[in-house]
Amino acid sequence: MPTPPQIQLAGGGYADFLKDYWLLAAMREAGIDPDKWDPSRGYAYNRDTIAAVYKYYGELYLQDPRMQWAGFAHMVGPGLDAGFADVRLMRDLARTMLQSGAVGDAIAPGLTPLTPAQLLALAHMSDSELAYFETSLLEMQKEIFDDIGYQHQAFANGGIAEINRLVRAGVISDPLVVSAWNDFNSGDPQRLAQGTMKMANFEQNVVIADNYDTMRGRGLQGEGFTLAMSIVGTPSIPGAQSYSQFSPLILYPTPESVPVGPFGPFGPHVNVPNPLHDNILVETPLPDGNIADRDQRWEFITKDTYPAYMDLANDPDRLRTIVEQQVTGQGYQDAVDSNRIVNRMDSISDQIVFGDGNPFDGK
């Protein structure tokens, strides 16, 4: 293992210098040109950098399986990359939903989490608005690398001693992150799992939570766009569910109560619970929630995405095989392509219009 540079504690600017040193070292190791990583220029311009980030996380895991968060980040990467690439297709998806005639409160009240106004706003979104959402998602990826990714290079080169130096300098200060690195350093499987959860918690609920809030808060288009993300997002971890599968929108075709009296609802009567209400339901292929909601997103991660990854991590030979394939150029691109909306449009349309073909489920 290379010996880390011995930087002596000096006054003023030391913390910034130390972080910049490892951030640039991480970019160099990943093959990223810091002068060309510019989320404001969109997906096409940053495409190679996006791929380099997720392949870098995979390489970190392969070099040291204690870095479980890096393995987690690598495994979700192709799905996120596909989402970045497909931002502009969200508008096409909204138009497909409108044209299908299967959604919208005017046709089937409550069948879709998007209101007609939100759906129309998404369908008629301008190119500049789409660019805003594309840029916002790309900025989130960069923020995660800037706040978490570089620390892995410090650990790879200098071990826990270098992490502790970053802590003493005030570069790493969040207790979740400090605790996570101690867990990773232990090598204990249970603590590796705990460390991965702590780092994911910091990532989702500290680093990028406000980004999601800002996107969602951008009027009808923000709510419509983030709901569309919730509908079409697909996991790139074997065994993980989509958000729509994890939290499906449930409809109850029968009323909660029925009038009982000699003249039914037109005379004296009382409303009594309908015994059929809870026994007949329609499980739609759409989500009951919004992935941009931090509580709903965290529940999804902790109860589905993270357990699916840990199941994979507990089969290290299988996980290593997948990661080794995906850190290659073609292997990574194949994983991205399999998650692209453009390659799933028929199945997505069928999902929205027809569901799974058997939407009536009894409890």
Using side-chain heavy atoms (C-beta onward) and a distance below 4.5 Å, is [X] in contact with [Y]?
X	Y	value
Asp146	Met27	yes
Thr305	Pro235	no
Tyr306	Thr196	yes
Gln141	Phe84	yes
Tyr309	Val76	no
Ile291	Gln296	no
Ile231	Pro287	yes
Lys19	Asp147	yes

How long is the gap from [atom1] on [X] to [atom2] on [Y], to the nearest 0.5 Å?
X	Y	atom1	atom2	answer
Ile237	Leu312	CD1	CG	7.5 Å
Leu89	Arg95	CG	CZ	11.0 Å
Ile172	Arg165	CD1	CZ	12.0 Å
Arg216	Asn211	CZ	CG	15.0 Å
Met199	Ile144	CE	CD1	12.0 Å
Asn290	Leu227	CG	CG	4.0 Å

Under a 3.5 Å distance rule, please check whether [X] uses its side chain to pair with a backbone N or O of [Y] as donor and acceptor.
X	Y	result
Arg297	Ala292	yes
Gln326	Gly331	no
Ser338	Ala335	yes
Ser230	Thr226	yes
Thr214	Asp210	yes
Arg66	Asn185	yes
Asp293	Gly289	no
Thr302	Glu299	yes
Thr234	Asn339	no
Ser242	Gly233	no

Which heavy atom of [X] sits nearest to which heavy atom of [Y], and what is that distance?
X	Y	result
Ser126	Ser128	OG-OG, 3.0 Å
Gly195	Ala180	O-CB, 3.6 Å
Asp317	Thr321	O-OG1, 2.9 Å
Ala169	Tyr14	CB-CE2, 3.6 Å
Pro34	Leu24	CG-CD2, 4.0 Å
Trp69	Glu203	NE1-OE1, 3.0 Å

**Prompt:** side-chain hydrogen bond (donor to acceptor under 3.5 Å, both in side chains): which pairs involve residues 26-35, sequence neighbours left out?
**Reply:** none
Using atom types as modelled, flag every donor-acceptor pair under 3.5 Å from a side chain in residues 51-63 to any protein atom, sequence neighbours excluded.
residue : atom : partner : partner atom : Å
Tyr56   : OH   : Gln153  : OE1          : 2.7

**Prompt:** Which of parallel (below 30°), tilted (30 to 60°) and perpendicular (above 60°) describes Phe300 and Tyr243?
**Reply:**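 Answer is perpendicular, since the angle exceeds 60°.
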**Message:** Assess the residue pair Val171 and Trp22 against the criterion (side-chain contact (heavy atoms from CB on, under 4.5 Å)); give the C-alpha distance rounded to whole Å, side-chain angles, the decisive distance to 0.1 Å, and a yes or no.
**Reply:** CA-CA 11 Å; Val171 180; Trp22 287 115; over 6 Å; no
**Message:** Please confirm whether the ring centroid of Trp181 lies under 6.0 Å from the ring centroid of His152.
**Reply:**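 Centroid distance Trp181-His152: below 6.0 Å, so yes.
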**Request:** Answer yes if the ring centres of Trp37 and Phe145 are under 6.0 angstrom apart, and no otherwise.
**Result:**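 Aromatic pair counts; centres sit under 6.0 Å.
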**Message:** Holding to side-chain contact (heavy atoms from CB on, under 4.5 Å), I want the full list of residues that pass it with Ala94, two or more places apart in sequence or in another chain.
**Reply:**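 Here the qualifying residues are Leu119, Leu122, Ala123.
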**Message:** Applying a strict under-4.5 Å side-chain criterion to I, L, V, M, F, W and Y, I'd like to know whether Met125 and Leu220 cluster together.
**Reply:**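 No: no chain of side-chain contacts under 4.5 Å links Met125 to Leu220.
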**Asked** Is there a path from Val177 to Val206 through hydrophobic residues (I, L, V, M, F, W, Y) whose side chains come within less than 4.5 Å of each other?
**Response** yes
**Prompt:** For Gln333 and Asp337, what are the C-alpha separation, side-chain angles and deciding distance, and is it a side-chain contact (heavy atoms from CB on, under 4.5 Å)?
**Reply:** CA-CA 6 Å; Gln333 192 57 50; Asp337 289 343; 2.9 Å; yes
**Prompt:** Which pairs with one or both residues in residues 171-184 pass salt bridge (Lys or Arg N to Asp or Glu O under 4.0 Å), sequence neighbours excluded?
**Reply:**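 For residues 171-184: Asp183-Arg191, Asp183-Lys198.
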**Asked** Does anything in residues 121-132 pair up under salt bridge (Lys or Arg N to Asp or Glu O under 4.0 Å), and if so which pairs, sequence neighbours excluded?
**Response**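 Checked against salt bridge (Lys or Arg N to Asp or Glu O under 4.0 Å) - neighbours excluded - the pairs reaching residues 121-132 are Arg91-Asp127, Glu129-Arg218.
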**Request:** Just do the side-chain contact (heavy atoms from CB on, under 4.5 Å) check on Met75 and Ile322 with the steps written out, would you?
**Result:** CA-CA 9 Å; Met75 287 303 302; Ile322 295 173; 3.7 Å; yes
Please list, one pair per line, the donor and acceptor atoms closer than 3.5 Å that link side chains of residues 132-140 to other protein atoms, with sequence neighbours excluded.
residue : atom : partner : partner atom : Å
Glu134  : OE2  : Tyr43   : N            : 3.1
Thr135  : OG1  : Ala131  : O            : 3.0
Ser136  : OG   : Tyr132  : O            : 2.8

**Asked** Is it the case that Asp38 and Ser40 place a side-chain donor and acceptor less than 3.5 Å from each other?
**Response**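 The answer is yes; a qualifying pair exists.
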**Asked** What do the steps show when you test Val87 against Phe225 for side-chain contact (heavy atoms from CB on, under 4.5 Å), and what is the final call?
**Response** CA-CA 9 Å; Val87 164; Phe225 181 85; 3.9 Å; yes
